[in-house]
Amino acid sequence: AQSVAQPEDQVNVAEGNPLTVKCTYSVSGNPYLFWYVQYPNRGLQFLLKYITGDNLVKGSYGFEAEFNKSQTSFHLKKPSALVSDSALYFCAVRDSGMNRDDKIIFGKGTRLHILP
Amino acid sequence: DTGVSQDPRHKITKRGQNVTFRCDPISEHNRLYWYRQTLGQGPEFLTYFQNEAQLEKSRLLSDRFSAERPKGSFSTLEIQRTEQGDSAMYLCASTGHGKQETQYFGPGTRLLVL
(Lines give C-alpha, C1' and ligand atoms only; values in the text may rest on other atoms or scores of the structure.)
Protein backbone atom coordinates (compact mmCIF):
# COMPACT_ATOMS: atom_id res chain seq x y z
CA ALA A 1 0.00 0.00 0.00
CA GLN A 2 1.21 3.46 -0.78
CA SER A 3 1.93 6.13 1.82
CA VAL A 4 3.19 9.69 2.03
CA ALA A 5 5.10 11.41 4.80
CA GLN A 6 5.43 15.13 5.25
CA PRO A 7 7.81 15.35 8.20
CA GLU A 8 7.24 19.02 8.99
CA ASP A 9 3.92 20.24 10.33
CA GLN A 10 4.98 23.84 9.74
CA VAL A 11 7.69 25.65 7.83
CA ASN A 12 8.56 29.30 8.41
CA VAL A 13 10.47 31.23 5.75
CA ALA A 14 11.28 34.90 5.39
CA GLU A 15 9.88 36.60 2.32
CA GLY A 16 12.37 36.52 -0.54
CA ASN A 17 14.22 33.48 0.78
CA PRO A 18 14.09 30.08 -0.91
CA LEU A 19 11.63 27.57 0.51
CA THR A 20 11.51 23.79 0.65
CA VAL A 21 8.60 21.63 1.77
CA LYS A 22 9.60 18.02 2.25
CA CYS A 23 7.81 14.88 1.11
CA THR A 24 8.77 11.22 1.07
CA TYR A 25 6.68 8.41 -0.32
CA SER A 26 6.29 4.67 -0.46
CA VAL A 27 4.69 2.69 -3.28
CA SER A 28 5.12 -0.85 -4.53
CA GLY A 29 5.67 0.21 -8.13
CA ASN A 30 6.61 3.43 -9.84
CA PRO A 31 5.01 6.53 -8.37
CA TYR A 32 2.95 9.30 -9.77
CA LEU A 33 3.51 12.25 -7.42
CA PHE A 34 1.48 15.40 -6.91
CA TRP A 35 1.58 18.64 -4.93
CA TYR A 36 -1.56 20.55 -4.01
CA VAL A 37 -2.08 23.80 -2.10
CA GLN A 38 -5.07 24.64 0.09
CA TYR A 39 -6.10 28.09 1.22
CA PRO A 40 -8.46 28.54 4.21
CA ASN A 41 -11.95 27.10 3.67
CA ARG A 42 -11.13 26.17 0.09
CA GLY A 43 -10.63 22.98 -1.86
CA LEU A 44 -7.25 21.79 -3.06
CA GLN A 45 -5.54 23.48 -5.98
CA PHE A 46 -3.20 21.48 -8.18
CA LEU A 47 0.38 22.78 -8.31
CA LEU A 48 2.41 20.20 -10.19
CA LYS A 49 2.97 16.51 -10.80
CA TYR A 50 5.68 14.03 -11.67
CA ILE A 51 4.74 11.25 -14.06
CA THR A 52 7.94 10.36 -15.88
CA GLY A 53 10.96 11.98 -17.50
CA ASP A 54 12.84 14.95 -16.12
CA ASN A 55 13.26 14.73 -12.36
CA LEU A 56 12.74 18.48 -11.96
CA VAL A 57 9.12 19.40 -12.48
CA LYS A 58 7.93 22.99 -12.83
CA GLY A 59 4.45 24.02 -11.80
CA SER A 60 2.17 26.92 -11.01
CA TYR A 61 3.11 30.13 -9.18
CA GLY A 62 6.86 29.55 -9.61
CA PHE A 63 6.91 26.28 -7.67
CA GLU A 64 8.99 23.30 -8.70
CA ALA A 65 9.64 19.86 -7.25
CA GLU A 66 12.48 17.41 -7.57
CA PHE A 67 11.83 13.69 -7.85
CA ASN A 68 14.57 11.60 -6.24
CA LYS A 69 13.97 7.89 -6.74
CA SER A 70 16.84 6.68 -4.55
CA GLN A 71 15.66 8.77 -1.61
CA THR A 72 11.95 8.27 -2.45
CA SER A 73 11.44 11.99 -2.10
CA PHE A 74 9.55 14.69 -3.94
CA HIS A 75 10.36 17.97 -2.20
CA LEU A 76 8.56 21.16 -3.20
CA LYS A 77 10.73 24.22 -3.78
CA LYS A 78 10.54 27.86 -4.74
CA PRO A 79 13.56 30.14 -5.22
CA SER A 80 12.00 33.24 -3.65
CA ALA A 81 9.03 33.04 -1.29
CA LEU A 82 6.10 35.45 -1.32
CA VAL A 83 3.81 36.25 1.59
CA SER A 84 0.93 35.05 -0.60
CA ASP A 85 2.51 31.56 -0.65
CA SER A 86 1.39 31.11 2.95
CA ALA A 87 -1.00 28.15 2.87
CA LEU A 88 -1.33 24.43 3.54
CA TYR A 89 0.57 22.18 1.15
CA PHE A 90 -0.18 18.53 0.48
CA CYS A 91 1.98 15.94 -1.20
CA ALA A 92 0.19 12.95 -2.74
CA VAL A 93 1.15 9.67 -4.40
CA ARG A 94 -0.54 7.21 -6.72
CA ASP A 95 0.74 3.81 -7.78
CA SER A 96 1.30 3.80 -11.54
CA GLY A 97 0.94 0.02 -11.79
CA MET A 98 -1.68 -1.70 -13.93
CA ASN A 99 -3.81 -2.68 -10.98
CA ARG A 100 -7.23 -1.59 -9.90
CA ASP A 101 -5.90 0.49 -7.01
CA ASP A 102 -6.59 3.98 -8.23
CA LYS A 103 -6.49 5.89 -4.97
CA ILE A 104 -4.39 8.95 -4.43
CA ILE A 105 -2.93 8.98 -0.93
CA PHE A 106 -2.28 12.35 0.67
CA GLY A 107 0.18 13.38 3.33
CA LYS A 108 -1.01 15.20 6.43
CA GLY A 109 0.04 18.53 5.06
CA THR A 110 2.64 21.17 5.85
CA ARG A 111 1.62 24.67 6.83
CA LEU A 112 3.88 27.21 5.18
CA HIS A 113 4.27 30.62 6.81
CA ILE A 114 6.06 33.29 4.83
CA LEU A 115 7.16 36.07 7.14
CA PRO A 116 7.19 39.63 5.76
CA ASP B 1 -12.31 27.74 -10.10
CA THR B 2 -11.40 24.20 -11.17
CA GLY B 3 -14.72 23.44 -12.84
CA VAL B 4 -15.78 21.00 -10.11
CA SER B 5 -18.70 22.31 -8.06
CA GLN B 6 -20.13 21.13 -4.78
CA ASP B 7 -23.38 21.97 -3.06
CA PRO B 8 -24.00 23.04 -0.38
CA ARG B 9 -20.78 24.74 0.70
CA HIS B 10 -21.77 24.58 4.35
CA LYS B 11 -24.19 22.38 6.26
CA ILE B 12 -25.13 22.49 9.92
CA THR B 13 -27.28 19.65 11.17
CA LYS B 14 -28.34 18.02 14.39
CA ARG B 15 -27.10 14.62 15.40
CA GLY B 16 -29.29 11.88 13.98
CA GLN B 17 -30.40 13.79 10.91
CA ASN B 18 -29.64 12.72 7.35
CA VAL B 19 -27.67 14.93 5.00
CA THR B 20 -26.94 14.76 1.28
CA PHE B 21 -24.18 16.47 -0.65
CA ARG B 22 -23.88 16.92 -4.38
CA CYS B 23 -20.83 17.07 -6.63
CA ASP B 24 -20.78 18.12 -10.28
CA PRO B 25 -17.49 17.10 -11.91
CA ILE B 26 -15.80 18.53 -14.96
CA SER B 27 -18.07 17.38 -17.77
CA GLU B 28 -15.62 15.25 -19.73
CA HIS B 29 -14.20 13.52 -16.65
CA ASN B 30 -15.33 9.94 -16.19
CA ARG B 31 -13.83 9.37 -12.72
CA LEU B 32 -15.17 10.99 -9.58
CA TYR B 33 -13.75 10.71 -6.07
CA TRP B 34 -15.01 11.58 -2.59
CA TYR B 35 -12.66 12.45 0.25
CA ARG B 36 -13.10 13.51 3.85
CA GLN B 37 -10.78 16.02 5.47
CA THR B 38 -10.71 16.73 9.17
CA LEU B 39 -8.86 19.60 10.81
CA GLY B 40 -5.12 19.25 10.57
CA GLN B 41 -5.25 16.22 8.32
CA GLY B 42 -4.91 15.52 4.65
CA PRO B 43 -7.84 14.33 2.56
CA GLU B 44 -8.80 10.71 3.26
CA PHE B 45 -10.17 8.62 0.43
CA LEU B 46 -13.79 7.52 0.81
CA THR B 47 -14.90 6.13 -2.55
CA TYR B 48 -14.64 6.57 -6.29
CA PHE B 49 -16.67 6.04 -9.44
CA GLN B 50 -15.76 5.32 -13.00
CA ASN B 51 -18.77 6.53 -14.93
CA GLU B 52 -21.73 5.20 -12.92
CA ALA B 53 -19.86 2.25 -11.39
CA GLN B 54 -18.63 2.55 -7.81
CA LEU B 55 -15.28 0.78 -7.99
CA GLU B 56 -13.89 1.08 -4.50
CA LYS B 57 -15.02 2.04 -1.02
CA SER B 58 -12.80 2.80 1.94
CA ARG B 59 -13.29 1.15 5.30
CA LEU B 60 -13.94 4.71 6.49
CA LEU B 61 -17.23 4.54 4.63
CA SER B 62 -19.49 2.99 7.24
CA ASP B 63 -22.92 1.64 6.38
CA ARG B 64 -24.37 5.05 7.26
CA PHE B 65 -22.65 6.48 4.20
CA SER B 66 -23.82 5.90 0.66
CA ALA B 67 -22.71 7.43 -2.61
CA GLU B 68 -24.28 7.31 -6.03
CA ARG B 69 -23.53 8.49 -9.52
CA PRO B 70 -26.65 7.35 -11.34
CA LYS B 71 -26.00 8.70 -14.83
CA GLY B 72 -22.25 8.93 -14.70
CA SER B 73 -22.35 12.69 -14.33
CA PHE B 74 -23.06 14.28 -10.92
CA SER B 75 -22.70 12.32 -7.69
CA THR B 76 -24.36 12.45 -4.30
CA LEU B 77 -22.98 11.46 -0.92
CA GLU B 78 -25.55 10.76 1.78
CA ILE B 79 -24.86 10.37 5.47
CA GLN B 80 -27.65 8.83 7.49
CA ARG B 81 -28.10 9.29 11.25
CA THR B 82 -25.26 11.78 11.45
CA GLU B 83 -22.87 11.69 14.39
CA GLN B 84 -20.65 14.45 15.76
CA GLY B 85 -17.64 12.55 14.45
CA ASP B 86 -18.94 13.08 10.92
CA SER B 87 -18.11 16.78 11.19
CA ALA B 88 -15.52 17.41 8.49
CA MET B 89 -14.92 18.89 5.06
CA TYR B 90 -16.18 16.59 2.31
CA LEU B 91 -14.24 17.03 -0.89
CA CYS B 92 -15.07 15.85 -4.37
CA ALA B 93 -12.56 15.50 -7.19
CA SER B 94 -12.77 14.44 -10.81
CA THR B 95 -10.28 13.23 -13.36
CA GLY B 96 -10.09 11.80 -16.82
CA HIS B 97 -9.20 8.21 -17.57
CA GLY B 98 -5.64 7.16 -16.76
CA LYS B 99 -3.58 7.15 -13.60
CA GLN B 100 -1.38 9.97 -14.83
CA GLU B 101 -4.34 12.31 -14.96
CA THR B 102 -4.62 15.11 -12.42
CA GLN B 103 -7.47 15.15 -9.93
CA TYR B 104 -9.25 18.49 -9.80
CA PHE B 105 -11.01 19.31 -6.56
CA GLY B 106 -14.20 21.13 -5.81
CA PRO B 107 -14.43 23.73 -3.02
CA GLY B 108 -15.77 21.19 -0.54
CA THR B 109 -18.80 20.95 1.72
CA ARG B 110 -18.13 21.70 5.36
CA LEU B 111 -20.40 19.68 7.64
CA LEU B 112 -20.97 20.51 11.28
CA VAL B 113 -23.00 18.06 13.33
CA LEU B 114 -24.30 19.51 16.59
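These numbers come from the heavy atoms of this one structure, side chains and all, not from hydrogens, waters or symmetry mates. Residue numbers start from 1 in every chain, and the chains themselves are labelled A, B, ... in the order their sequence lines are given, proteins ahead of strands.
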### Summary
Turns out that what part of A:Gln38 lies under 4.5 Å from chain B's heavy atoms comes down to side chain

### Evaluation steps, ring pair (Phe, Tyr, Trp, His ring centres under 6.0 Å), between A:Phe106 and B:Phe45
CA-CA 9 Å; A:Phe106 286 83; B:Phe45 170 81; over 10 Å; no

### Query
Between A:Arg111 (side chain) and B:Gly40 (backbone), is there a donor-acceptor pair under 3.5 Å?
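Side chain of A:Arg111 to backbone of B:Gly40, a donor-acceptor pair under 3.5 Å: no, none is there.
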
Can you confirm whether [X] is buried at [atom1], in the sense that more than 12 heavy atoms of other residues, nucleotides or ligands lie under 6.0 Å from that atom?
X        : atom1 : result
A:Tyr61  : OH    : no
B:Glu68  : CD    : no
B:Leu114 : CG    : yes
A:Leu82  : CG    : yes
B:Arg64  : CZ    : yes
A:Lys78  : NZ    : yes

#### Entry: Close aromatic pair by centroid cut-off 6.0 Å: B:Phe105 and A:Tyr36
yes

#### Entry: Heavy-atom proximity to chain A below 4.5 Å, by part of B:Gln103
both

### Task
Return the minimal non-hydrogen interatomic distance between B:Leu91 and A:Gly43, and the atom names on each side.
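Minimum heavy-atom separation between B:Leu91 and A:Gly43: CD2-CA, 4.1 Å.
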
### Query
When rounded to the nearest 0.5 angstrom, what is the spacing between CZ in A:Arg94 and OG1 in B:Thr102?
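Output value for this atom pair is 8.5 Å.
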
#### Entry: Verdict with reasoning, B:Tyr35 to A:Ile104, per side chain to side chain contact (heavy atoms under 4.5 Å, CB included)
CA-CA 10 Å; B:Tyr35 293 86; A:Ile104 288 185; 3.8 Å; yes

### Message
Hydrophobic cluster membership, with links at side-chain heavy-atom distances under 4.5 Å among I/L/V/M/F/W/Y: are B:Ile79 and B:Trp34 in one?
### Response
yes

### Task
Identify which of B:Glu44, B:Arg110, B:Gln37 forms the greatest number of heavy-atom pairs closer than 4.5 Å to chain A.
B:Gln37

